[in-house]
Structure formats: C-alpha cells, structure tokens
Number of protein chains: 2
Amino acid sequence: MIAAQRLDPPVRQIDMADGPQLDATRLWQCDFLSREEQQALRSAVLPAKSVRPHTDLVREADRAGSLFIVVDGWACRYATTSAGARQLSAVLVPGDVGNLDTLMFDRLDYGVRTLTQAMIVALPRDRALALGTRYPGIGQAFTWLALMENAVLGKWALSLGRRSSIERLAHLLCELSVRLGAEKDNQSSFAFPLTQEQLADMLGLTPVHVNRTIQQLRAADLIVNVHRAMMLPDVARLRYLGGFDPAYLRVDRPARANIF
Amino acid sequence: MIAAQRLDPPVRQIDMADGPQLDATRLWQCDFLSREEQQALRSAVLPAKSVRPHTDLVREADRAGSLFIVVDGWACRYATTSAGARQLSAVLVPGDVGNLDTLMFDRLDYGVRTLTQAMIVALPRDRALALGTRYPGIGQAFTWLALMENAVLGKWALSLGRRSSIERLAHLLCELSVRLGAEKDNQSSFAFPLTQEQLADMLGLTPVHVNRTIQQLRAADLIVNVHRAMMLPDVARLRYLGGFDPAYLRVDRPARANIF
DNA sequence: CGAATATTTGAGGCCTATCAAAGTGAGTGG
DNA sequence: CCACTCACTTTGATAGGCCTCAAATATTCG
C-alpha cells in the first residue's frame with residue numbers, strides 16, 4: 001500500500017446558508033447566457049436541498065415535475081435490467097442537470113440518484129419551458145447540454161463496447177479530471193467520493209474486478225488514491241492508456257452558435 | 001438451417017427521380033412541425049445524393065458543414081479506439097439525422113458512415129440554424145431529436161455494460177423493429193441489410209460471436225432471417241428475452257411541449 | 001462462372017464474473 | 001477512549017462467456 005499524503009478534504013462540506021449556489025453551474029459555462037439570463041435562471045430555481053447519499057431524486061419510469069440540477073456532491077443517471085443489474089449512463093458533478101429530457105418528455109426512462117451527500121436545486125418544468133421561450137440563450141443552453149451529454153455518452157459506449165477494464169477506468173478518470181477542472185500541468189487531484197461498487201456500475205464491471213483494476217493502475221503509478229481523494233501523477237500517460245482525447249468535452253472554447 | 005419464405009425485398013430500390021424524399025423523415029414525426037415548417041425544411045435541404053455502402057459522410061474529428069439526413073438506406077455514427085476497434089453509437093435509419101451536434105459544435109467527435117447503399121440529404125449548417133431561429137417548431141424538433149438520441153444511447157449503454165450477448169442482440173432487434181414501424185400484432189418483419197460484422201460493432205462483440213448468438217436466437221425460434229430480411233415470429237418473447245420496453249422510444253404519442 | 005464478400009465451424013485461451021471470506025476504516029454508543 | 005457495527009475494500013479460487021486464430025462453406029455480383 002502506497003503511503004500518500006492527504007490531497008483534498010474527503011468530502012466538501014455543504015453550506016446550507018448560501019442558498020442555491022448556482023454560480024459554478026455548467027449551465028452557463030457555455031457562454032450562451034447573458035447576465036440577465038443568469039439572473040433569471042437563478043431566481044427561477046427552488047431553494048437548494050441537501051439530499052442524502054443513495055437517494056433517488058427520480059425513479060425509473062417516474063414522472064418528474066422538475067429539472068434537477070446538482071449544485072454540490074455527485075449524482076448519477078442509471079437504468080437497470082430486468083435481472084436487476086444497474087448501469088449508469090451519466091455521472092453528474094456540480095453544474096450538471098440530471099433529467100434534461102423532462103423538458104419534452106412526460107416520463108423518464110432512467111432514474112436519477114445521489115451518489116454522495118449532495119445539494120440539489122429543482123427547476124420546475126413549467127418555469128424551465130417559459131425561460132427557454134423567453135430567453136434565447138437559455139434555450140440554446142438546454143440544447144447545448146443535450147448535445148454534450150450525447151458526446152459523453154457516446155464515449156462511454158465506446159469504452160463499454162471496446163475497451164478493456166483498465167482502459168475504461170483510465171478513460172473515466174481522465175474524463176472526470178477534465179470535467180472537474182482539476183488539471184494543472186500534467187497533474188490532477190480532486191475529491192473522489194465514489195465507491196468501487198458505484199465505479200463498477202459506470203464501467204460495466206463487477207466491484208471485485210474494479211478493485212483489481214484500480215490496483216493495476218496504482219501499481220503502474222498512474223493513480224494515487226486514498227481517503228476519497230484521487231491524484232493523477234501523470235495525466236499524459238493515463239490519457240494514453242485510456243485512449244482519451246479531451247476534445248469531445250469542448251472545455252476550451254465552446255462554439256458560439258446563433259440559433260433560435 | 002430453417003427454410004424461410006422471402007419476407008421483403010432485400011434492399012429497397014432507390015428512386016433518384018423523386019428528389020429529396022423527406023416525407024418519411026422522423027424529423028417531423030414528432031408533431032412539432034406545421035405544414036409551413038415542413039415546407040421550409042423541404043426546400044432548405046440540398047438535393048438527395050446516392051451514397052455507396054461503407055462510405056464516410058464525415059470522418060472522426062472532421063468539420064462538417066452540413067447536417068446529414070438519411071432518406072433511404074442505413075447509416076451509423078461510430079467511434080474508434082486508438083487500437084482501431086470500432087463501436088457504433090447509433091444506427092441511422094430513414095428519417096434520422098447523422099450529426100445533429102454540428103448545429104452547435106465545430107468539430108465532430110465521431111464519424112458518420114453509410115452501412116448500405118443510401119440516399120442522403122444535406123442541410124447546410126447555416127440554413128439549419130436560420131430555420132431553427134425563424135421557426136419555433138423546427139428548433140423544438142432539433143431539441144427533441146437530441147433528447148431521443150440520448151434515450152436510445154442510454155439503453156445501448158445498459159446493453160453494452162450489463163447484458164449478455166443474446167440479450168443485447170434481442171434488445172437491438174426489438175429496438176429496430178419499433179423504430180422501423182415494422183410491428184403488427186405480435187410479429188414483425190423488415191429489411192435487415194446489416195452484416196454480422198456491423199452488428200458486432202453495434203453490440204460490442206466480435207463477428208464470430210455475433211454469428212453464434214444469431215444461431216441461438218434462430219434455434220429458439222425467435223428470429224427468422226434470410227436474404228437480408230428479418231422476421232420476428234414472437235415479438236413478446238423476444239422483448240422478454242432482451243428486457244425491452246418500448247416506452248423510451250416515445251412512438252405512441254410524442255409530448256407536445258411549448259418551448260422556445 | 002469466378003472473385004470477392006459474408007457466414008459458419010472448430011479448438012484453445014484469456015479476461016472478467018462468481019462465490020466466499022478476511023481485512024480495513026469510519027462512525028456510534030457505552 | 002474503547003468495543004461494536006456497518007460499509008467498503010481486498011484477497012483467493014474457480015468457472016464461464018466471449019475472444020482469437022484459422023479455415024471451410026455459402027452467397028453475392030460483375
């Protein structure tokens with residue numbers, strides 16, 4: 001076992017006092033939103049709620065009356081087979097929307113569940129629709145989000161279908177590292193609250209095999225993880241192993257499209 | 001080997017004379033489009049082109065100047081690992097859009113390629129954006145499409161991550177059967193031009209294993225396929241095997257949302 | 001009718017699953 | 001501050017599903 005320094009506080013403390021902390025929300029990192037639109041969104045959401053880990057915000061096949069936006073903590077979108085096996089179709093980190101399609105579909109075909117203690121903000125469907133109608137930038141942002149989710153999910157399909165367990169894990173860690181904005185030079189470190197069982201449900205593996213795969217990555221000095229924190233000592237090498245190219249995440253310069 | 005009757009003409013003949021045959025296009029099966037909007041779309045697209053099988057419409061990481069809409073034949077969206085393995089992230093049948101995210105992203109992170117001889121219509125990006133701005137229904141339709149693709153891809157992830165080869169194949173056939181509108185009572189039959197290699201790239205399997213899996217399905221009397229045609233003698237039983245619930249395809253009554 | 005493409009079959013091996021149990025760490029209550 | 005519990009991680013042994021490599025057969029199309 002590698003003796004590692006502590007990297008980050010294990011789980012960020014949740015501050016109930018600040019109200020809906022939407023400032024970090026990815027929803028307007030896509031530079032579609034004017035200051036006015038940001039304000040409109042901020043005042044349309046319901047007060048943030050603290051939700052315990054492993055709690056369904058929406059169950060599979062439920063109706064959802066609101067869009068759920070993750071403000072702090074981690075959550076996921078998941079589906080289950082008739083045999084009861086679970087597969088995640090998205091990890092949601094602060095700024096992500098859990099159920100975008102509630103905008104247009106009555107019923108979900110997946111569940112949304114917290115992975116950790118989390119702060120969740122709800123945006124009632126009617127208000128979301130009204131905002132989309134009234135503010136063009138918000139409508140664009142919704143579309144942008146839907147397309148981004150598609151891009152990420154497409155890469156997950158590639159991993160699930162065609163990559164070995166170690167490649168999958170490497171790719172996922174690279175993805176999260178970028179999405180969390182945790183990279184600096186060739187290193188990255190971030191709070192990593194997932195259990196190996198949750199990782200297994202993302203990667204389409206068993207928890208036991210995830211454990212063994214993590215050990216391989218550790219042995220190769222590609223990750224250092226202790227205390228719910230993750231450190232990537234050599235991002236370039238991890239990317240190479242996972243076949244990861246960050247272009248699909250469009251972090252550098254989101255396209256500015258004039259639509260709607 | 002089961003001796004089966006011929007079910008359908010192997011590949012539909014392509015009629016070049018009718019111009020852009022967009023009438024079957026899913027783009028306006030979501031009942032968002034007024035007659036005027038349909039007309040606007042129809043006159044915005046470039047003349048249909050016939051494209052040979054296994055031809056890239058856009059290569060991975062290419063810029064695309066147009067949205068590509070499949071009018072006849074089949075195509076796919078795909079990505080490849082650095083080792084060269086290919087995984088499809090979507091099958092495109094008549095009515096599907098190949099590269100919706102060209103609306104907002106400069107560069108694709110996947111390729112679009114024909115699987116069969118196909119008729120393809122191009123909708124220049126500028127025109128698509130303009131249409132989305134001018135006609136609210138068209139903007140809605142784009143969003144609806146993006147969300148639908150997400151729903152389908154989410155189920156693919158579930159299959160890839162958590163289902164056995166026979167369940168995956170069963171689920172895929174059920175999906176296609178519904179999307180092609182080929183079901184009647186408990187039976188379904190449709191032209192099925194995919195090679196086993198192409199199937200393998202959808203299912204995350206090897207061609208050899210796909211072959212053996214098909215044989216299992218045949219032995220169980222769940223499929224009858226000859227001459228590039230597919231017949232499902234007992235849809236209910238196939239659905240049960242694949243854990244397929246058609247709700248996520250939203251074929252019955254698309255929600256009518258008032259957005260944008 | 002012949003070449004190219006696609007399907008089918010066989011044998012053997014590897015990666016990941018399964019089942020079971022031990023070890024570790026965090027939180028709780030006495 | 002120390003048992004105690006619960007959840008998570010780790011380890012071991014075995015099995016099985018799918019892959020790999022190779023070649024034969026069938027089908028399509030010029």
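Note that the coordinates shown come from a computational prediction; the quantities given were computed from them, not determined experimentally. In what follows, chains are A, B, ... by sequence order, proteins preceding strands, each numbered from 1.
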Nearest-Å distance, CZ (A:R212) to C1' (D:dA13)? 9 Å
Could you work out which one of C:dT18, D:dT10, D:dT20 sits closest to the side chain of A:R218? D:dT10
Given C:dT16, D:dC18, D:dG12, which nucleotide is nearest the side-chain atoms of A:S164? C:dT16
Which is true for A:T206 with a 4.0 Å heavy-atom rule: it touches a base, it touches only sugar-phosphate, or it touches nothing? base
On the nucleotide D:dC8, are OP1 or OP2 found under 4.0 Å from the side-chain N or O atoms that A:T195 carries? no
What is the distance, rounded to the nearest whole Å, between atom CD of B:E167 and atom C1' of C:dA17? 14 Å
Given that B:H54 and B:Q215 both sit by DNA chain C, which one's nearest nucleotide is further toward the 5' end? B:H54
Could you give the NE2-to-C1' distance, from A:H209 to C:dC15, as a whole number of Å? 6 Å
Phosphate OP1/OP2 of D:dG17: any B:R168 side-chain N/O under 4.0 Å: no
Which atoms form the tightest heavy-atom contact between B:V152 and B:E175, and what is the distance? CG1-OE2, 3.5 Å
Taken to the nearest whole Å, CD/B:Q196 to P/D:dT27 is 12 Å
Report yes if some heavy atom in the side chain of A:Y110 is under 4.5 Å from a heavy atom in the side chain of A:D101; otherwise report no. yes
Residue B:L205, side-chain atoms from C-beta onward, closest of D:dC19, D:dT10, D:dC8: D:dC19
Using a 6.0 Å cut-off, check whether atom CD of B:Q215 has over 12 heavy atoms from anything other than its own residue. yes
Take A:E197 and A:R162, find for each the nucleotide of DNA chain D with the closest heavy atom, and name the residue whose nucleotide sits nearer the 5' end. A:E197
Let's see if you can work this out: which of C:dA6, D:dT11, C:dT9 has an atom nearest to the side-chain heavy atoms of A:V208? D:dT11
How long is the line joining CZ of A:F192 and P of D:dT9, in whole Å? 10 Å
Has B:Q87 got a side-chain atom pairing as donor or acceptor with B:M202's backbone, closer than 3.5 angstrom? yes
Just the rounded figure in Å: distance from C1' of D:dT10 to CG of A:N211. 5 Å
At under 4.0 Å, does any side-chain N or O of A:R228 touch on OP1 or OP2 of D:dT9? yes
In this structure, how many angstroms lie between the P atom of D:dG17 and the CG atom of B:L169, rounded? 17 Å
Does B:D96 reach the side chain of B:R179, with side-chain heavy atoms less than 4.5 Å apart? yes
Separation of B:Q216 atom CD from D:dG17 atom C1', in whole Å? 10 Å
